[in-house]
Amino acid sequence: FHLVSIYPNKLPNATMIVSKIRSCVNRRALPLIGIFAFLSAAAAVEVSDIVEGTDPACPNRNNPGVKSYVFEAAGIRRCFNVYRPEPADGAEDVPQPVLLMAHGSGSNANLWCGKPHVRASFAALNTTLLCTSSAIIDDHKTWRPPKEGSSATNPYPCSEEDSVDLPYYERILDWIDGRPADYDRERVFNGGFSQGSNFISYVSFCFPGRLRGMATSGSGLKVNGAAVEYCSEYDNPSRGGVCEIGVADGWKNTGNTGTCEGCLFTPMRPLDGATDVTGRPLRACINVGELDSRVHGSDQYRYYFERAGLRTNFTIWPGVRHAMPPDWPKVYDECLGITASANPSTPTPTSSPTLCGEEHEEDSKGKSCKSVHCGKLGGQCMDKKKCKRLLKQDKYADYMCLGNKVCASRKCLCLIPMQCPDRED
């Protein structure tokens, strides 16, 4: 079974979809401009302009250095908070990287921007923290990804009709792009916690080319029906059921969504071959507490993200329940490479050879697997569990995982072709 058989249609461009919808609306509205020309003065400032203001969804409470912005998207009043730390000495004219952070269900933009220790961490990183906020609709404050996720008829639900939160994120990205003196558009990252984490795992695949990477914490991917091709080692009957290939993943997510007839991936199928703003495979950092019921779903992120070709890092935090990783700003920075992306290292002539231009990876503890020996063999060092998982895929049928002494960490193995790459036999 191959997932591609479920989705025979060509992948749509999400940004293009939204743009076409808006263009269509604008063309239909052109005759009205002449009819209601007397409204032109009032229309000098569009309702969708992003301006400083206050909103219950984005309480600020006079947090030092934090500004609140309001605007309208999809006919709904929206907002976000921004903490842009004072630039470090010598970096006054250098645009800062930006991390967008989405809160969990029922919370608001003050969750991150309102914490002094979080702001202090981002000041030390010289990185802007942009705290997003879900909309309050009918007194319910929650993120609203597609109700049925990906289906055979709508594999990539990336339009305003699919989610009222999609144009909200698009407007924020436009706002960042429009301030090149303040923000580096090639260093914009997406993060979140709980339901916000689940939501950004959706929206990041709608705009991968405008991001540098994403980081999830305390959420998971729900897989259903014919899309189920993997049963997680964390499958636990007490948490939903038993996994069965082609039927159900055995995991019950919050709200028990994604189980309808025709539902395949919730919130959405990972985008195959998703590339970031620099053209490289999108980076995905997956975090979950050891005692969190979402370990199963997070492991499914890991499997299907890797299958889609993402640069994926999966960390289970010992002793942690449903919470962010300890010192999460530092964790996100190190995994996503937020500050490191400002000064990318230049390979030297003596650097380790790699397989197909890919970098050697890290073990489960974050220690480098880099190895001259593995590279000379035309291989790539990676966490030993990942290496063994890859051998189960058809594309790696002619590969093997070479002993851990070849790599820099004993928890790594060298993935190499069984046949020497420079021999014809």
Side-chain angles (χ1 to χ4, degrees), residues 10-23 48 50 69 71 73-74 76 78 80 82 97-102 128-135 143-146 149-150 154-180 183-192 195-216 219 221 265-286 301 304-305 308-312 332 336-338 341:
K10 185 179 180 181
L11 169 67
N13 182 297
T15 305
M16 187 179 297
I17 291 174
V18 177
S19 298
K20 286 183 178 179
I21 293 172
R22 290 178 175 171
S23 297
S48 59
I50 297 178
Y69 294 87
F71 62 104
I76 304 171
R78 304 301 296 265
F80 60 88
V82 178
V98 182
L99 174 65
L100 285 73
M101 277 297 294
T128 292
L129 174 63
L130 193 155
C131 302
T132 57
S133 180
S134 59
W143 295 104
R144 293 170 173 81
S150 294
N154 190 13
Y156 296 101
C158 287
S159 72
E160 184 175 316
E161 286 74 14
D162 297 307
S163 172
V164 296
D165 289 320
L166 197 70
Y168 168 69
Y169 260 77
E170 185 181 28
R171 288 301 315 282
I172 293 177
L173 293 173
D174 291 342
W175 183 82
I176 293 172
D177 287 352
R179 286 157 178 75
Y183 309 116
D184 186 344
R185 65 177 302 275
E186 291 195 355
R187 299 167 65 205
V188 179
F189 303 84
N190 215 0
Q195 200 224 359
S197 167
N198 185 255
F199 178 76
I200 69 102
S201 75
Y202 154 68
V203 75
S204 295
F205 285 118
C206 290
F207 303 111
R210 304 185 71 175
L211 301 171
R212 192 65 171 268
M214 65 172 171
T216 65
S219 66
L221 179 67
F265 293 91
T266 304
M268 190 171 80
R269 176 195 179 191
L271 177 61
D272 288 336
T275 54
D276 66 16
V277 67
T278 69
R280 299 189 66 198
L282 188 68
R283 166 76 71 180
C285 299
I286 306 163
Y301 273 150
Y304 291 97
F305 283 4
L310 274 64
R311 292 178 291 147
T312 305
Y332 276 26
L336 292 171
I338 298 175
S341 62

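- With sequence neighbours left out, the salt bridge (Lys or Arg N to Asp or Glu O under 4.0 Å) criterion links R144 to no other residue.
- Closest approach of L130 to I176, counting heavy atoms only: CD1-CD1, 4.1 Å.
- Scanning both residues, L221 and T266, for their nearest heavy atoms gives CD1-O, 3.5 Å.
- Taking CZ of F71 as the reference point, atom CZ of R78 lies at 6.5 Å (rounded to 0.5 Å).
- Atom CG in L173 sits 9.5 Å away from atom CZ in R185 (nearest 0.5 Å).
- In this structure, CD1 on I172 lies 5.5 Å from CZ on F80, to the nearest 0.5 angstrom.
- Among all heavy-atom pairs drawn from W143 and Q195, the shortest one is O-NE2, 2.8 Å.
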**Study point:** ring-ring contact (aromatic ring centres under 6.0 Å, His included) between F265 and F205, intermediate numbers included
**Key:** CA-CA 13 Å; F265 293 91; F205 285 118; over 10 Å; no
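- A donor-acceptor pair is defined here as one N or O able to donate and one able to accept, closer than 3.5 Å; no such pair exists between the side chain of D165 and the backbone of Y168.
- Note that CD1 of I50 is 7.5 Å distant from CG of D174, once rounded to the nearest 0.5 Å.
- Residues P97 and T128 are not in side-chain contact: their nearest non-hydrogen atoms beyond the backbone lie 4.5 Å or more apart.
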Exercise for review: Verify side-chain contact (heavy atoms from CB on, under 4.5 Å) between N190 and F207, making sure each step is shown before the conclusion.
Suggested key: CA-CA 11 Å; N190 215 0; F207 303 111; over 6 Å; no
Exercise for review: Report the C-alpha separation of M101 and Y332 in whole Å, then their side-chain angles, then the decisive distance to 0.1 Å, and conclude whether the side-chain contact (heavy atoms from CB on, under 4.5 Å) test is met.
Suggested key: CA-CA 11 Å; M101 277 297 294; Y332 276 26; 3.8 Å; yes
**Study point:** C158 and L166: CA distance, side-chain angles, deciding distance, side-chain contact (heavy atoms from CB on, under 4.5 Å) verdict
**Key:** CA-CA 7 Å; C158 287; L166 197 70; 4.3 Å; yes
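- S150 places no side-chain N or O within 3.5 Å of a backbone atom of M268 that could act as its donor or acceptor partner.
- M214 and S201 get closest at one heavy-atom pair: SD-CA, 4.2 Å.
- Taking D162 as the reference, nothing meets the salt bridge (Lys or Arg N to Asp or Glu O under 4.0 Å) condition, with sequence neighbours excluded.
- Looking at V188 and V277, their side chains never come closer than 4.5 Å, going by heavy atoms from C-beta outward.
- Note that SG of C206 is 10.5 Å distant from OH of Y156, once rounded to the nearest 0.5 Å.
- For S219, the side chain to side chain donor-acceptor pair (under 3.5 Å) partners two or more places apart in sequence, or in a different chain, are S197, Y301.
- Not counting sequence neighbours, T275 has no partner by the side chain to side chain donor-acceptor pair (under 3.5 Å) test.
- Between L310 and A274, the shortest heavy-atom distance links the atoms CD1-CB, 4.3 Å.
- Residues R187 and T278 are not in side-chain contact: their nearest non-hydrogen atoms beyond the backbone lie 4.5 Å or more apart.
- The side chain to side chain donor-acceptor pair (under 3.5 Å) test applied to Y202 returns no partner, not counting sequence neighbours.
- Classification of R210 and D177 as a salt-bridged pair holds, one side-chain N sitting under 4.0 Å from a carboxylate O.
- Residues meeting the side chain to side chain donor-acceptor pair (under 3.5 Å) test with S163, sequence neighbours left out: none.
- With contacts defined as side-chain heavy-atom distances shorter than 4.5 Å, the pair V164/I76 qualifies.
- In this structure, R212 and R283 have side chains that are not in contact, with every pair of non-hydrogen atoms separated by 4.5 Å or more.
- The shortest heavy-atom contact between F189 and L336 is CE2-O, 3.7 Å.
- For the pair Y183/V82, a side-chain contact is recorded, criterion being any heavy-atom separation below 4.5 Å from C-beta on.
- W175 contributes atom CH2, which lies 4.5 Å from atom OH of Y69 (distance to the nearest 0.5 angstrom).
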